[in-house]
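Here the structure comes first, spelled out in structure tokens, and everything after it is commentary.
Order of listing sets the numbers, starting from 1, for every ligand and every atom in it. Numbering starts at 1 and runs along the sequence shown.
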Amino acid sequence: MNQGFRTQRDAPLRGRNTFGVTAHAPLWIEVTTPEALAGVLTWPEVRDEPFLVIGGGSNILFAGDPQGAVISLRARDIRIVEQSDQHAVVRADAGVRWHDLVQWTLRQGLNGLENLVLIPGTAGAAPIQNIGAYGTEAGEFVHAVESMDPATGRVRRFRQAECDFAYRDSRFKREAGRHLIVALELRLSWRPRLRLNYAGIAQALEAAGIDSPSAQDVADAIAGIRRAKLPDPERLGNAGSFFKNPIVPTAVAEALQERFPDLPVFAANRPEQRKLSAAWLIDACGWKGHRTGDAGIADSHALVLVNHGQASGAELLDLARRVADSVQQRFDVMLEPELRVIGAVW
Ligand code: EPU
């Protein structure tokens, strides 16, 4: 890759998406530098056709083949670019794996990302859907995001307040196609500010006999909880949560809770709204462990669709639609995919 890029025609995508479904890209382009990316964006088959940028392939379902080029950003540098007694700003290239970034920051003694261990995907993809878990969202720690405008090749820098982060959402998602994220900067603290409220964390620490945990202890506890609940994509193809937790008006949440007192209801970004547990709704419709051919729902978590081997993206999408229809019928709540669906309209 000494020119900063490498290409492959009619490229297989099966090993490049964590669902492990078969698909082909007419052109696959791996890019290692922002300069090479600016060059690639001027190629007619990139400039004049719709193209796709893929991170770790962990939040995407190929229900069909992508029509244009698929670009994978490979730069993987991590460094501290600013620091004081209290904070440091860590800069990661888009191609750094998110989990590697979390571990790197913990090794430096920086606090903040410990609840976000083991999330698949890349640093560049993290701000797009504002990845989150265990009471924390990546957007809270974002100092700045640098993105390239595909039309001009110019790099723009967005401060946290300009990113419009919300639950699994950001301006980068809303303005899809206008930003190729090339670097992420996170502002992390040298002092611990642990968040142990989310169900299961305190119990896991107690079970491990830890009473004054470090950030690394919390990370280890959460890694244990995740491993128990979420299937490992290396063994069983999946893309984590298939659906977002639905956000509904508070009155709707209250009416549902009256009928279904066990339904978990969480705060949403706005006071007049509540977030419902999609996993609970799906579970209540009896889907956990279901299997149609090789497309299934995980035994351990109702929100996770799995590929038992040879399921196609279209089969997984068909199952997802049946799941969403059953939730709609029973609870009158609409589920929407959390991941990106390629080759079909949801
Ligand atoms: N539940 C069920 N059945 C299940 C699983 C869960 O009824 O099979 C209920 C339980 O009552 C549980 C509640 O759902 O208390 C919430 O479950 P969980 O703590 O696993 O969280 P989630 O809302 O299903 C979200 C994220 C996950 C993240 C976890 C932990 C979304 C769409 N998903 O899941 O993120 O790991 O919280 O914070 O917000 C992902 O985005 O890919 C992902 C895995």
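- Considering all non-hydrogen atoms of both residues, R91 and A183 come closest at NH2-CB, 3.4 Å.
- Distances from ligand 1 to the non-hydrogen atoms of Q129 include no value under 4.0 Å.
- The protein atom (non-hydrogen) at minimum distance from atom 13 (C) of ligand 1 is S277 OG, 3.7 Å.
- Counting only distance, with no hydrogens or angles, the side chain of E162 and the backbone of R159 share a donor-acceptor pair below 3.5 Å.
- Listed by number with element, the atoms of ligand 1 under 4.0 Å from a non-hydrogen atom of R226 are 36 (O).
- Near W280, meaning under 4.0 Å from any of its heavy atoms, are these atoms of ligand 1: 2 (C), 7 (O).
- Close approach of ligand 1 to A279 is summarised as follows: ligand atoms under 4.0 Å from at least one heavy atom of the residue are 1 (N), 2 (C), 3 (N), 4 (C), 5 (C), 6 (C), 14 (O), 24 (O).
- Distance screen at 4.0 Å: atom 15 (O) of ligand 1 has no protein heavy-atom neighbour inside the cut-off.
- For atom 26 (C) of ligand 1, the closest non-hydrogen atom of the protein is R168 NH2, 3.3 Å.
- Only the side chain of P264 comes within 4.0 Å of ligand 1, counting heavy atoms alone; its backbone N, CA, C and O stay farther away.
- Looking at N269, its side chain does come within 3.5 Å of a backbone N or O of Y167 through a donor-acceptor pair.
- Within ligand 1, the atoms closer than 4.0 Å to a non-hydrogen atom of G240 are 42 (O), numbered from 1 in the order shown.
- When hydrogens are left out, the protein atom nearest atom 19 (O) of ligand 1 is Y198 OH, 2.7 Å; that is the closest non-hydrogen contact.
- Under the 6.0 Å distance and 45° angle rule, R9 does not count as a cation-pi partner of W28.
- Separation of the F19 and F62 ring centroids does not fall under the 6.0 Å cut-off.
- For atom 6 (C) of ligand 1, the protein comes within 4.0 Å by at least one heavy atom.
- Of the protein's heavy atoms, Y134 N, 2.5 Å lies nearest to atom 38 (O) of ligand 1.
- Under a 4.5 Å side-chain heavy-atom criterion applied to ILVMFWY residues, the cluster that includes L230 comprises L236, V304, V306 as well.
- Of the possible polar contacts, none joining the R14 side chain to the H24 backbone as a donor-acceptor pair under 3.5 Å is found.
- Residue A302 has at least one N or O atom closer than 3.5 Å to an N or O atom of ligand 1.
- When each of N245, L303, V265, D262 is paired with W280, the side chain to side chain contact (heavy atoms under 4.5 Å, CB included) condition holds for D262 and for no other.
- Each of the atoms 2 (C), 3 (N), 4 (C), 7 (O), 8 (O) of ligand 1 lies under 4.0 Å from some heavy atom of D283.
- Residues A302 and I282 come closest through the heavy atom pair O-CG2, 3.5 Å.
- Of the possible polar contacts, one joining the D93 side chain to the D77 backbone as a donor-acceptor pair under 3.5 Å is found.
- Between K244 and ligand 1, no pair of N/O atoms sits closer than 3.5 Å.
- Distance from atom 24 (O) of ligand 1 to its nearest protein heavy atom, with residue and atom name: H301 CE1, 3.2 Å.
- Under a 3.5 Å cut-off, the side chain of E336 and the backbone N or O of F243 do not form any donor-acceptor pair.
- Polar contact with ligand 1: absent for S300 (N/O pair, distance under 3.5 Å).
- Every atom of ligand 1 with a heavy atom of Y167 under 4.0 Å away is listed here by number and element: 31 (C), 32 (C), 39 (O).
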Could you walk me through whether W43 and F51 pass ring-ring contact (aromatic ring centres under 6.0 Å, His included), step by step? CA-CA 11 Å; W43 298 357; F51 63 87; over 10 Å; no
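- Scanning all protein heavy atoms for the shortest distance to atom 43 (C) of ligand 1 gives S241 OG, 3.1 Å.
- Regarding atom 28 (C) of ligand 1, its nearest protein heavy-atom neighbour is A133 CB, 4.0 Å.
- Contact annotation: for F243 versus ligand 1, heavy atoms closer than 4.0 Å belong to the backbone alone.
- For atom 23 (O) of ligand 1, the closest heavy atom belonging to the protein is N245 ND2, 2.9 Å.
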